[in-house]
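Within every chain, numbering begins at 1; the chains are lettered A, B, ... in the order of the sequence lines, protein sequences first and strands thereafter. Remember, it's a predicted structure, so these values are computed and weren't measured experimentally.
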There are 2 protein chains.
Amino acid sequence: MTDPARGTTQRNGTTSPRYGNRPTMKDVAARAGVSLKTVSRVVNSEPGVTPDTERRVQEAITALGFRRNDSARILRKGRTASVGLVLEDLADPFYGPLSRAVEEVARDHGALLINGSSAEDPAREKELVLALCARRVDGLVVIPAGDDHRYLEPEISAGVATVFVDRRAGRIDCDAVLSDSFGGARDAVAHLIAHGHRRIGFIGDQPRIHTAIERLRGYRAAMSAAGLPVNEAWMSLGATEPSRVLAATEAMLSGPEPVTALFAGNNRVTVTAVRVLAARPGRAALVGFDDFELADLLSPGVTVVAQDAAQLGRTAANMLFRRLEGAEEEPRQVVLPTRLIARGSGEIPPAHNVAS
Amino acid sequence: MTDPARGTTQRNGTTSPRYGNRPTMKDVAARAGVSLKTVSRVVNSEPGVTPDTERRVQEAITALGFRRNDSARILRKGRTASVGLVLEDLADPFYGPLSRAVEEVARDHGALLINGSSAEDPAREKELVLALCARRVDGLVVIPAGDDHRYLEPEISAGVATVFVDRRAGRIDCDAVLSDSFGGARDAVAHLIAHGHRRIGFIGDQPRIHTAIERLRGYRAAMSAAGLPVNEAWMSLGATEPSRVLAATEAMLSGPEPVTALFAGNNRVTVTAVRVLAARPGRAALVGFDDFELADLLSPGVTVVAQDAAQLGRTAANMLFRRLEGAEEEPRQVVLPTRLIARGSGEIPPAHNVAS
DNA sequence: TAGCCTCTAGACAACGTTGTCAAATTCGAC
DNA sequence: GTCGAATTTGACAACGTTGTCTAGAGGCTA
């Protein structure tokens, strides 16, 4: 037995396919009494096959239940017709639509989507990205967890088209599609200031993450533009798990200089903040980054800076396929605008909240 | 040029890798002055290589930026270490956690996940499933859109392990992991009846979909167990897009025999129903199938029959890998229980709602 | 030093497909 | 009936990897 992939090399007939395995073009060819290449031609609808021959081949294909092995095809053709998507967590409602949008564009180009969740762990991001490269995906869409992507350089220069989404690539020059985190954050905080707030808290993601820094920058810019001082205790960057956000929120609302309004740095933080505020007496104002379903039905409705996740995905995927079709431009960074949606929670005046 | 996959066959040195393409083991071997097989041994950490040889090979690998081509490996080994997941829509918050759960199990088994959205279109489901089979995924997790899966028979008997989730397979005998749609729906409606409702509406998914039928059955069972008559106008199955659900809800609430409570057949229907009810004077009771984020923060909180999407995915993936590891049991159907979570919206008594 | 055994390394075929090229066949026109 | 062109078909190599088998180098014992 020189045959590694076969469990049993026994045969169930004369020239029929090997037992327990799928028939190949060779099997089809034998059954139809034609050559391998003719089968290939029929399977790929290539010209130059008599209707009669084609019929015989088709019959053999049906009879044997043949299906072309795309692994072999990929190896031969050098293109996998698949793109990889690495994101943080598919279960996060922000990434679902993004992933779906990438998938749709891929589908329009006849490609399948392989995705993986990094769980916000840089090591796992790298592991996933490299596994996808080993599979020779034609292109990669990456929502990075880490901040150093030099490990991707050999892959990119070997021809793996890559587009970063939502966060910039770290230490390499690469296509990216971003939301205007800075501007959006600035607008959010300006909105709170316009409604009379002077002590505003910011709870954001881990400082390793690009958007967290940008949003903090926007927060500072808005405060400074209004001539307001900023207290270190009003800014908290870290993991977005509920327990930490809860603690940070409580601390800001009850410190020596309690904030009267909160700016939440992403959808998960916002939801936790809503819970905390709902459980507290008094009402603090709140604006969140990212829109979320039902934000309008809460009371008060939650004011948010919305970014279009699907549009991010679509834009990135389109850039990717443009590159795959041979575009040789310099790496580009596209920044999509955000939109402030006022629903009430940002318009609660400070007087309602603070005793004195 | 007998070389299809290469754009240019020019070389950039003597034995260096081909221009514009990735180096192969052959290139590494040439550079390290060893044979192909030795490189393979190093790459796969096989024993029988001197430390010195190994070092030379590693150096060549690093210098050339070699990464093993998994397409070739897959072809040779006969296993792709990937599983396919076909679902309805990755952007739906119900499927995100499910997909993530499948991914985690796959990851534990060293496999990647390829997913595709059927958009609830049976033709597209079939197309996707067969594309995945052509890629020779080791296994398939399918949330079916169609109701006839005989097209999968040759694939399954050729060895593609397959598990259906959330909905039963149509016209074939296959592993499946389901939620107790019947029981959950019965509980939901019984809850409404217990709070005094006698005219209850049901808005569900398209009747082609297994869960829609089961939930309708549960609705009827609860009504009939309470000795309540059922009016055809109180039941509406169809697409879950907001416009239809809105129309159906309005019709039930304002017909000649208006309902005083609604049972919504899935998360999307529930959310639309919440919107409709919020915009109307008077309060109708509501229970939804599927839990959703923030259901507890609405006023009133939305009572739901919760199913654990992640658990569905995890269970299915585990069944899949058990099969892949050689389990030869009969096809099994696992039914996971649902849980009624009372939050208030189901406890609104009919008197509050109807004028007379 | 012969004989045997172990360990390292390489030659070669195979996985299932597609591109190239050449052979065989058909057809029409002279 | 012959020639040339067009059409259909097939033989073969190649994609990049891994499994098998064998050759050689080196160590040990007698």
Round to a whole Å and report the spacing from [atom1] of [X] to [atom2] of [N].
{"X": "B:R136", "N": "C:dT17", "atom1": "CZ", "atom2": "C1'", "answer": "11 Å"}
{"X": "B:M25", "N": "C:dC12", "atom1": "CE", "atom2": "P", "answer": "19 Å"}
{"X": "A:I74", "N": "D:dC15", "atom1": "CD1", "atom2": "C1'", "answer": "12 Å"}
{"X": "B:D70", "N": "D:dC15", "atom1": "CG", "atom2": "C1'", "answer": "15 Å"}
{"X": "B:R79", "N": "D:dT17", "atom1": "CZ", "atom2": "C1'", "answer": "18 Å"}
{"X": "A:N44", "N": "C:dG19", "atom1": "CG", "atom2": "P", "answer": "8 Å"}
{"X": "B:L64", "N": "D:dG16", "atom1": "CG", "atom2": "P", "answer": "14 Å"}
{"X": "A:R67", "N": "C:dG16", "atom1": "CZ", "atom2": "C1'", "answer": "16 Å"}

### Query
Has B:S40 got a side-chain N or O lying under 4.0 Å from the OP1 or OP2 atom of D:dT18?
yes

#### Entry: Phosphate contact (D:dG16 OP1 or OP2) by B:T24 side-chain N/O below 4.0 Å
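Negative; the distance criterion is not met.
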
### Query
Does a donor on one side chain sit under 3.5 Å from an acceptor on the other, for B:S99 and B:N115?
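B:S99 vs B:N115: donor-acceptor pair found between side chains.
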
Starting the side chain at C-beta, find the nucleotide from [options] nearest to [X].
{"X": "B:R73", "options": "D:dT17, D:dG19, C:dC15", "result": "D:dT17"}
{"X": "A:R68", "options": "C:dT18, D:dT17, D:dG10", "result": "C:dT18"}
{"X": "A:T38", "options": "C:dT18, D:dT17, D:dT9", "result": "D:dT9"}

When you measure only distances, ignoring hydrogens and angles, does the side chain of [X] come within 3.5 Å of the base of [N] through a donor and an acceptor?
{"X": "A:K37", "N": "C:dG19", "answer": "yes"}
{"X": "B:R41", "N": "C:dG10", "answer": "yes"}
{"X": "A:R76", "N": "C:dT18", "answer": "yes"}

### Task
Taking the side chain as every heavy atom from C-beta outward, state whether A:T53 and A:V34 have any pair of such atoms under 4.5 Å apart.
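Counting from C-beta outward, A:T53 and A:V34 do come under 4.5 Å.
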
### Task
Check for a donor-acceptor pair, side chain of A:R332 on one end and backbone N or O of A:V177 on the other, with a separation under 3.5 Å.
no

### Message
Test your reading of the model: is there a side-chain donor-acceptor pair from A:R68 to the backbone of A:V43, 3.5 Å cut-off?
### Response
no

### Query
Looking at residues 46-54 of chain A, who's got a heavy atom less than 4.0 Å off DNA chain D?
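The stretch gives A:G48, A:V49, A:T50, A:T53 as the residues lying under 4.0 Å from the strand, ordered by number.
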
### Task
Give me the ring orientation class for B:H149 and B:F164: parallel if the planes are under 30° apart, tilted from 30 to 60°, perpendicular past 60°.
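The arrangement is perpendicular - the two ring planes meet at more than 60°.
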
### Query
Salt bridge check: are B:E103 and B:R107 linked by an N-O gap of less than 4.0 Å?
no

### Query
Reckon A:V43 touches a base, only the sugar-phosphate, or nothing at all at heavy-atom distances under 4.0 Å?
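Counting heavy atoms under 4.0 Å across all strands, no contact is made by A:V43.
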
### Query
So which heavy atom on A:R167 is nearest to which on A:P144, and how close?
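Smallest interatomic distance, heavy atoms only, reads NH1-O, 2.7 Å.
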
